[in-house]
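Note sheet for the following structure.
All chains are named by letter (A, B, ...) in the order of the sequence lines, taking the proteins before the strands, and each is independently numbered beginning at 1. Only this structure's heavy atoms are used, side chains among them; waters, hydrogens and symmetry mates stay out.
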2 protein chains.
Amino acid sequence: MTTKTYGQYCGVARALELVGERWALLIIRDLLVGPKRYTDLRAGLPKIPTNVLATRLKEFEQAGLVVRRVQPRPSGAIVYELTEYGADLDEVVLALGRWGARSLGELRPDEIITAEVLVMALRSTFHPSRSKAKYELHFGDLVVHAIVDGADLTVDLGPLEGAVVLEAFAPIAPLLTGAIDGAAALQSGLLKTSGTAKHVDHFAATFPIAPTP
Amino acid sequence: MTTKTYGQYCGVARALELVGERWALLIIRDLLVGPKRYTDLRAGLPKIPTNVLATRLKEFEQAGLVVRRVQPRPSGAIVYELTEYGADLDEVVLALGRWGARSLGELRPDEIITAEVLVMALRSTFHPSRSKAKYELHFGDLVVHAIVDGADLTVDLGPLEGAVVLEAFAPIAPLLTGAIDGAAALQSGLLKTSGTAKHVDHFAATFPIAPTP
DNA sequence: CTGGATCCACACAGATACTG
DNA sequence: CAGTATCTGTGTGGATCCAG
């Protein structure tokens, strides 16, 4: 939330006054996956200066996008959680992700991939269908899962019992650009499944070059 | 386009590196309505520092979002026009506008409304229907028009022959927040039509407090 | 260890003046 | 009309430090 305004009575301008500053929508992106602690957010955004993260969280709280909750004992942890208002930024973040993914080239050495990025990538490239399927996607140490039920998609962190397991291998960076879809990736061997994955083409994209373990 | 990157292989991060700086998406918003000259952009964004506008346009051109064209004689004017790649930010801008419009309160004295803002507001609040209609909306000196054809909507600057003319009066600010729709506005007298407007409820919102002429 | 606060250097934004 | 130049301030980056 900048103190400076754009001087326009316009939804776009107002939105940018609230979430247009540096790092803001990346913090929102991670919180869209689920509530997170301060340290979790830092881990997911290693390059964010700590004072900037603290400032953004305070601004979000004041603007009503985020609530700061203290977990009951024994954890006592402080978590930041999106309000419904904040969570309504979902379609904004997905639209941005869809557009920006086309500009992703090779994975650069200084770039990281987090589980939150995988979750949002799956969600933003989802094609509605009429079939049902469960996937568990492994990318290096990261594990996320997706549940496809026709036009509905649920994606979350961690493994899922009974899901088809997909392993992402290098170099499949072009997939994330939408140039190749999941079915083609399976055929080409860039994407490998441990089971029978008939519906990988639910997603226009999978994932980029795997980290070298 | 910041020289600083976010260090993430993520569509959202990449998008924000391209159009995440201050004023960037407001320039894009105006260009989404149509090609514009440097002076037109300044007029639509009175508070933008001229060097920032020049810098953004250069960044957009280098990133392939915008092309700088010199019009044939006699005009010889220089216009900036979105490429297809840049125009694909349409859904991002509309999503941002929809979300941000809910936070629009009263029109502040230092805030202006432009025809481009009206166009994007109409587009972002459109409800698909099965009917056909043509509207011409007047707001102070500003005139825009909308053509509804079922699920298709065309909005552009200026008047339109044979359209139903709508006049927006103060204070109808709450409409832009989506709290009241066009039909209710007509009934309440906040929105007035010179003809028979049966389908104003195509739009969830109309417009804020009129400028005092 | 979590959840920050503080400090400093600097890049970028804001404002204004000026030019081909 | 379409910018460039310059100066000033604030926000950001980066490192370090501190309290519960």
Checklist entry - Under a 4.0 Å N-O cut-off, is there an ion pair linking A:Arg98 with B:Glu91? => result yes
Next on the checklist: The side chain of A:Thr50 is closest to which nucleotide in this list: D:dT12, C:dA5, C:dG3?
Outcome noted: C:dA5
Item to check | Inter-residue atom distance A:Ile28.CD1 - A:Phe60.CZ, 0.5 Å rounding | outcome: 4.0 Å
Checklist entry - Taking atom P of D:dG13 as reference, at what distance in whole Å does atom CD of B:Glu17 sit? => result 12 Å
Next on the checklist: Please give me every residue in residues 32-49 of chain B whose heavy atoms get under 4.0 Å of an atom in DNA chain D, ordered by residue number.
Outcome noted: B:Arg37, B:Tyr38, B:Thr39
Checklist entry - Rounded to the nearest 0.5 Å, what separation is found between the CG atom of A:Leu137 and the CG atom of A:Leu142? => result 9.0 Å
Checklist entry - Are A:Lys36 and A:Glu116 within salt-bridge range, i.e. N to O under 4.0 Å? => result yes
Next on the checklist: Please tell me if B:Lys4 has a side-chain N or O lying less than 4.0 Å from either OP1 or OP2 of D:dG11.
Outcome noted: no
Checklist entry - Side-chain donor or acceptor of A:Asn51 under 3.5 Å from a matching atom on the base of D:dG14? => result yes
Checklist entry - What integer distance in Å separates A:Glu21:CD from D:dT12:C1'? => result 10 Å
Checklist outcome for this item: Of C:dG4, D:dT4, D:dG13, the nucleotide closest to the side chain of B:Ala54 is D:dT4
Checklist entry - Any salt bridge between B:Glu61 and B:Lys58, counting N to O under 4.0 Å? => result no
Checklist entry - Does a nitrogen or oxygen in the side chain of A:Trp23 sit under 4.0 Å from OP1 or OP2 of D:dG13? => result yes
Next on the checklist: In this structure, how many angstroms lie between the P atom of D:dG3 and the CD1 atom of B:Ile27, rounded?
Outcome noted: 12 Å
Checklist entry - Can we say B:Arg37 and B:Glu81 salt-bridge, meaning some charged N sits less than 4.0 Å from an Asp/Glu carboxylate O? => result no
Item to check | Interatomic distance, A:Lys58 NZ vs D:dG11 P [rounded to whole Å] | outcome: 14 Å
Item to check | Integer-rounded Å distance: D:dG13 C1' and A:Leu53 CG | outcome: 14 Å
Checklist entry - Rounding to a whole Å, what distance do you find between A:Ile78:CD1 and C:dA5:C1'? => result 14 Å
Item to check | Whole-Å distance separating the CG atom of B:Leu57 from the C1' atom of C:dA13 | outcome: 16 Å
Checklist entry - Counting only side-chain N and O atoms of B:Tyr80, is one of them less than 4.0 Å from OP1 or OP2 of D:dG3? => result yes
Item to check | Phosphate OP1/OP2 of D:dT10 contacted by A:Arg22 side-chain N/O (<4.0 Å) | outcome: no
Checklist entry - Are a donor atom and an acceptor atom from the side chains of A:Arg22 and B:Tyr6 found within less than 3.5 Å of each other? => result yes
